S.K.: 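My questions will all concern the structure given below.
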Number of protein chains: 2
Amino acid sequence: MSGPAPRRRALPMAGAGRPERADAARNRRALVAAARELLAEHGTGGLTLEAVAARAGTGVGTVYRRFGNLAGLTHAMVDSQEYEFQRGFLEGPPPLGPGAPPLDRLHAFADAFVDRLEDQAELLAVAETASPEARYRSGAYAAHHAHLVSLAAELRPDADPAYLADALLTPLEAALYLHQRRVRGMAEERIRAGVHEVVARLART
Amino acid sequence: MSGPAPRRRALPMAGAGRPERADAARNRRALVAAARELLAEHGTGGLTLEAVAARAGTGVGTVYRRFGNLAGLTHAMVDSQEYEFQRGFLEGPPPLGPGAPPLDRLHAFADAFVDRLEDQAELLAVAETASPEARYRSGAYAAHHAHLVSLAAELRPDADPAYLADALLTPLEAALYLHQRRVRGMAEERIRAGVHEVVARLART
DNA sequence: ATAATAAGTGGAATTAATTCCACTTACAAG
DNA sequence: CTTGTAAGTGGAATTAATTCCACTTATTAT
């Protein structure tokens, strides 16, 4: 039900199965590049799989073999940022990375997340809503959730860390961010303040 | 960009424009009934607009004139429950309706919401993810948000009530509920407890 | 080198959403 | 009643996602 080939997925499962064939890797890069160009030129509306395939000089079948579906392609498009983000909280410098007190790490996580939203909310929204379960089944969500579970367990061992992690992640949905920015007209800093407030209250010991 | 005809929308804007023509109203009912049957018989996968139209004995064009798109149809399918829910918090008996202290009303709202999710998460998930903005642009979300803004403003006049209302609503997403129930295997009562915990912490004075 | 084979490929076929529009009908005014 | 007309209708046409499969190719072992 997901991408069938072994790719350089974000951190979680790094060097799994045997490497991709050289032509396949080339096509993967060409497809992601084509998708980025189309997005830049025509917005999310211009991002059709046929157009992506045509621009990359492959058939649509190749898009599906590489990415499984539109959700897979959009995830690949945000993958390098996602990779950096995950490195940041898994092994980067504090306060985002290990070493700082858990509450500081939580706030740093929220800040970094809002930065990303401000930068790529549009694309993230496409990735998260490509199918009803796209967001929650993604490797990215799993990684963020696992990270927050571990911080939550340190801060509030009494509470339900799995639920708490979902509750912290959920207001960071890209579609909501877009709605707050564009429809409600909320400024980035107002949303950021709200996120910190939620973090502070949910994490308070 | 939304349904073009004047229907008995949930509470917000009750008896707007001139009434629907009799044949149109008949088709609306037939279509919603057909959609409910198809959902019951074949699950969300069997819910195609062509099948709905065929079962109701109309053309697909009629589905579009009546509901605008799949999101509109699914919203209509949950509309009677939504109507009751809105009556409940707008004018029903306390603690859900007016009369009880705001914090009690908030908890009652959360409880009623979880009841609904347990009952119709599948259909609500289809409605909420029919398009990337489906959830936040829906009249239902607007009504829930407005209600929570007013409670939040009473409880925490210092805070940002609009943000707070989003933060309270967001963990009640149907797709998340389904994920927690089915993938994480969380029991209904565990989720309910988590929701109350979030409400308590975000609303605490 | 060569052959065996697992991996990869392109594009036609299928399925569904959504748009369009020429035709029909309900219904209110005269 | 008749009639004007705004509203409604059905289905063909368009557009896109997704599946399928006969064919090609990179890689590995000999």
Side-chain angles (χ1 to χ4, degrees), chain A residues 1-7 16-31 34-35 38-39 42-76 126-127 129-134, chain B residues 1-7 16-31 34-35 38-39 42-76 126-127 129-134:
Chain A
M1 239 163 247
S2 196
R7 24 209 167 138
R18 48 201 69 59
E20 214 164 38
R21 236 167 68 170
D23 52 348
R26 199 177 326 121
N27 277 335
R28 172 186 303 285
R29 284 190 297 274
L31 285 165
L38 282 171
L39 183 72
H42 307 294
T44 50
L47 200 61
T48 80
L49 295 182
E50 191 155 322
V52 170
R55 157 119 24 172
T58 78
V60 280
T62 301
V63 184
Y64 279 89
R65 167 158 280 266
R66 287 278 79 71
F67 302 106
N69 55 26
L70 178 58
L73 174 60
T74 51
H75 274 118
V126 174
T129 61
S131 84
E133 316 125 350
Chain B
M1 238 165 243
S2 195
R7 21 203 168 145
R18 48 203 68 59
E20 215 164 37
R21 237 166 69 171
D23 53 347
R26 199 178 325 121
N27 278 335
R28 169 187 305 283
R29 283 190 297 274
L31 286 165
L38 283 171
L39 183 72
H42 307 295
T44 51
L47 199 62
T48 78
L49 295 182
E50 191 154 322
V52 170
R55 159 121 21 173
T58 76
V60 280
T62 301
V63 184
Y64 280 90
R65 167 158 281 267
R66 287 277 78 71
F67 302 107
N69 55 27
L70 178 58
L73 175 60
T74 51
H75 274 118
V126 175
T129 61
S131 83
E133 317 124 350

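Owing to the predicted nature of the structure, the values given are computational and were not obtained by experimental measurement.
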S.K.: Please state whether the phosphate of C:dG8, meaning OP1 or OP2, lies under 4.0 angstrom from any side-chain nitrogen or oxygen of A:R28.
M.R.: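 False: A:R28 side-chain N/O out of range (4.0 Å or more) of C:dG8 OP1/OP2.
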S.K.: Report the distance from atom CZ of B:R66 to atom C1' of D:dG8, rounded to the nearest whole Å.
M.R.: 7 Å
S.K.: Using whole Å, what does the distance between atom C1' of nucleotide D:dA12 and atom OH of B:Y64 come to?
M.R.: 14 Å
S.K.: Where each residue is assigned the nucleotide of DNA chain C containing its nearest heavy atom, which of B:T48 and A:G57 is assigned the position nearer the 5′ end?
M.R.: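 Looking at DNA chain C, the more 5' nearest nucleotide goes with A:G57.
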S.K.: Provide, to the nearest angstrom, the distance between the CD atom belonging to A:E50 and the P atom belonging to C:dA13.
M.R.: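 It works out to 14 Å between those atoms.
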S.K.: How close or far is atom C1' of C:dG10 from atom CG of A:N27, stated in whole angstroms?
M.R.: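 Between C1' of C:dG10 and CG of A:N27: 11 Å.
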S.K.: Quick check: on DNA chain D, is the nucleotide nearest A:A22 upstream (toward 5') of the one nearest A:L49, or the reverse? Name the residue that is more 5'.
M.R.: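 Comparing both residues, the 5'-ward one is A:L49.
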S.K.: Taking all non-hydrogen atoms of both residues, which atom of B:L49 and which atom of B:Y64 are closest, and how far apart?
M.R.: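 Between these two residues, the closest heavy atoms are CD1-OH, 3.0 Å.
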S.K.: Identify which nucleotide among D:dA17, C:dT25, C:dT9 has an atom closest to any side-chain atom of A:R65, counting heavy atoms from C-beta outward.
M.R.: C:dT9
S.K.: Map B:A25 and B:V60 onto DNA chain D by nearest heavy atom, then report which one ends up closer to the 5' terminus.
M.R.: B:A25
S.K.: Just so I know, are the side chains of B:F67 and B:R28 near enough to count as touching, which here means a heavy-atom distance under 4.5 Å?
M.R.: yes
S.K.: Looking at C:dT19, D:dT9, D:dG8, which one has an atom nearest to any side-chain atom of B:E20?
M.R.: D:dG8
S.K.: Of all the choices, C:dT9, C:dG10, C:dA17, which nucleotide is nearest to the side chain of A:D23 once you look at every atom?
M.R.: C:dT9
S.K.: Looking at every non-hydrogen atom in both residues, tell me the closest pair between A:R66 and A:A24 and how far apart they are.
M.R.: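 Between these two residues, the closest heavy atoms are NH1-CB, 3.4 Å.
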S.K.: Out of D:dA16, D:dA26, D:dA6, which nucleotide sits closest to the side chain of B:R21?
M.R.: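 The nucleotide sitting nearest to the side chain is D:dA6.
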S.K.: Check whether any side-chain N or O of B:T62 sits under 4.0 Å from OP1 or OP2 of D:dG10, and answer yes or no.
M.R.: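 Checking B:T62 against D:dG10: at least one side-chain N or O falls below 4.0 Å of OP1 or OP2.
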S.K.: How many Å lie between CZ on A:F67 and P on C:dG10, as a whole number?
M.R.: 13 Å
S.K.: Among residues at least two apart in sequence or on other chains, which ones pass salt bridge (Lys or Arg N to Asp or Glu O under 4.0 Å) with A:R21?
M.R.: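 Only A:D23 meet the salt bridge (Lys or Arg N to Asp or Glu O under 4.0 Å) criterion with A:R21.
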S.K.: Could you pick out which residue, A:G59 or B:R26, lies toward the 5' side of DNA chain C when each is mapped onto its nearest nucleotide?
M.R.: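 Nearest-nucleotide comparison on DNA chain C picks A:G59.
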S.K.: Side chains of B:T129 and A:T129: does their closest heavy-atom pair fall under 4.5 Å?
M.R.: no
